[in-house]
Amino acid sequence: MWSAFWCILQRDLRLGLRRRTEVLTALAFFMIVVSLFPLGVGTERQVLQILGPGVVWVAALLASMLALERLFAADYEDGTLEQLVLTPQPLSLLVLAKVAAHWLLTGLPLVVIAPVVGMQYHLADGQVGIMMLALMLGTPVLSLIGAIGAALTLGVRGGGILLSLLILPLYIPVLVYGAGAIEVSRIAIADAQPYLLLLAAFLLMALTLAPLATAAALKIALE
């Protein structure tokens with residue numbers, strides 16, 4: 001069973017690396033958005049430290065959405081998705097492999113370049129560490145929730161707009177607790193622990209429920 005998981009994960013990673021433009025587009029979008037705010041509001045250190053946490057998370061959730069519409073579309077168009085549904089392997093496990101590949105290609109790079117963003121917003125070393133940890137916990141949740149929306153809008157005309165309307169409200173808790181963790185760590189790093197625990201709880205819940213919901217939505221889309 002897990003061999004199918006690794007097979008799908010490696011396949012999607014290889015395909016994603018061949019389409020480097022999509023991966024680099026999400027990363028470039030994230031960097032452009034977080035870089036525009038200092039140009040718009042000025043370079044005052046205190047203002048940027050206050051705005052930084054919220055800007056980072058808004059940019060992260062918008063960047064993660066860029067590649068969501070194509071998460072299942074290519075497999076749907078060439079018939080691979082139907083073959084995946086017909087395999088004896090649990091579809092939810094195969095969905096989890098595809099979501100993991102999406103996160104590795106679009107979410108993990110945001111965690112890696114977080115220190116650069118921290119320098120732009122004059123965040124302390126402790127805040128940058130909390131930001132990386134919050135992104136590590138929160139960005140997989142964005143991919144898992146986004147996969148449900150991508151499955152529900154599969155094959156629908158204008159699915160990109162509908163996808164945004166469906167999943168943006170569901171991203172709000174992650175946005176609030178992710179930005180909150182970075183903000184309170186400015187006072188004391190220990191204060192960020194409840195926010196990180198809530199993000200970890202969201203991740204566990206999303207890992208449990210999102211693949212099942214996505215698999216069910218995919219079966220409905222293929223009927």
Side-chain angles (χ1 to χ4, degrees), residues 1-13 15-16 23 26 30 56-57 60-73 75 81 84-85 87-112 114 129-154 163-164 166-182 192-221:
M1 186 170 70
W2 287 101
S3 61
F5 175 89
W6 291 114
C7 182
I8 296 294
L9 177 62
Q10 291 173 7
R11 168 186 170 271
D12 277 24
L13 286 176
L15 290 174
V23 178
F30 177 77
V56 166
W57 271 98
L61 69 86
L62 292 176
S64 79
M65 288 179 57
L66 288 180
L68 276 178
E69 194 178 2
R70 299 293 300 168
L71 183 58
F72 302 111
D75 290 342
L81 194 57
L84 292 178
V85 172
T87 60
Q89 309 298 334
L91 182 57
S92 57
L93 187 67
L94 305 182
V95 165
L96 185 60
K98 293 185 71 64
V99 175
H102 174 269
W103 178 75
L104 288 171
L105 292 170
T106 63
L108 187 59
L110 304 188
V111 180
V112 174
I130 293 295
M131 179 168 64
M132 294 180 73
L133 190 53
L135 287 171
M136 184 71 79
L137 292 170
T139 48
V141 180
L142 302 181
S143 295
L144 287 161
I145 294 175
I148 301 174
L152 288 171
T153 57
L154 190 62
L163 173 64
S164 304
L166 281 174
I167 65 172
L168 277 177
L170 301 177
Y171 280 172
I172 291 175
V174 180
L175 172 67
V176 171
Y177 293 122
I182 306 170
Q193 187 176 6
Y195 292 89
L196 296 175
L197 289 175
L198 282 167
L199 285 175
F202 276 122
L203 177 57
L204 285 175
M205 189 166 62
L207 278 172
T208 305
L209 300 178
L212 297 173
T214 305
L218 288 175
K219 289 178 180 175
I220 293 171

Visitor: Determine whether L218 and L154 make a side-chain contact, defined as any pair of heavy atoms from C-beta on separated by less than 4.5 Å.
Guide: yes
Visitor: Locate the shortest heavy-atom distance separating S164 from P169; write the atom from each residue and the value.
Guide: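 Residues S164 and P169, closest heavy atoms: O-CD, 4.3 Å.
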Visitor: Distance from I220 atom CD1 to L152 atom CG, nearest 0.5 Å?
Guide: 7.5 Å
Visitor: To the nearest 0.5 Å, what is the distance between CZ on F72 and CG on L84?
Guide: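 Between F72 CZ and L84 CG, I get 10.0 Å after rounding to 0.5 Å.
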Visitor: Say whether, by atom type as modelled, one donor and one acceptor occur between the side chain of W57 and the main chain of G178 under 3.5 angstrom.
Guide: yes
Visitor: List the atom of A181, the atom of Y195, and the distance in Å for their closest heavy-atom pair.
Guide: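 What the structure gives for the nearest pair is CB-CB, 3.6 Å.
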Visitor: What's the separation between atom CG in L94 and atom CG in D12, rounded to the nearest 0.5 Å?
Guide: 10.5 Å
Visitor: So Y171 and I145, side chain to side chain contact (heavy atoms under 4.5 Å, CB included) or not? Walk me through it.
Guide: CA-CA 8 Å; Y171 280 172; I145 294 175; 3.9 Å; yes
Visitor: Which atom names give the shortest non-hydrogen contact between A147 and V99, and what distance separates them?
Guide: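 Shortest heavy-atom contact: CB-CG2, 3.6 Å.
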Visitor: Determine, step by step, whether I148 and L209 satisfy the side chain to side chain contact (heavy atoms under 4.5 Å, CB included) criterion, reporting the C-alpha distance in whole Å, the side-chain angles of both residues, the deciding distance to 0.1 Å, and the verdict.
Guide: CA-CA 10 Å; I148 301 174; L209 300 178; over 6 Å; no
Visitor: Heavy atoms only: give me the nearest A206-V141 pair and the separation to one decimal.
Guide: CB-CG1, 4.3 Å
Visitor: Contact between L196 and I130 at the side-chain level, heavy atoms closer than 4.5 Å - yes or no?
Guide: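 Sidechains of I130 and L196: in contact.
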Visitor: Please determine which of L199, V111, L203 meets the side-chain contact (heavy atoms from CB on, under 4.5 Å) test together with M136.
Guide: V111
Visitor: For the residue pair I167 and G146, what are the closest heavy atoms and their distance?
Guide: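 Where I167 meets G146 most closely, the heavy atoms are CD1-CA, 4.0 Å.
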Visitor: CG/L144 to OG1/T214 distance, rounded to the nearest 0.5 angstrom?
Guide: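 With rounding to 0.5 Å, CG (L144) is 7.5 Å from OG1 (T214).
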Visitor: Quick one: are L9 and L104 in side-chain contact, heavy atoms under 4.5 Å?
Guide: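 The answer is yes; the side chains approach within 4.5 Å.
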Visitor: What is the distance from atom CG of L166 to atom CG of L68, rounded to the nearest 0.5 Å?
Guide: 11.5 Å
Visitor: Does the pair V56 and F30 meet the rule for a side chain to side chain contact (heavy atoms under 4.5 Å, CB included), with working shown?
Guide: CA-CA 8 Å; V56 166; F30 177 77; 4.3 Å; yes
Visitor: Measuring from atom CG of L81 to atom NZ of K98, what distance do you get when rounded to the nearest 0.5 angstrom?
Guide: 7.5 Å
Visitor: Would you name the heavy atoms of H102 and L71 that are closest together and state the gap between them?
Guide: CB-CD1, 3.9 Å
Visitor: When you look at F202 and L137, which way does the side chain to side chain contact (heavy atoms under 4.5 Å, CB included) test go after all the steps?
Guide: CA-CA 9 Å; F202 276 122; L137 292 170; over 6 Å; no
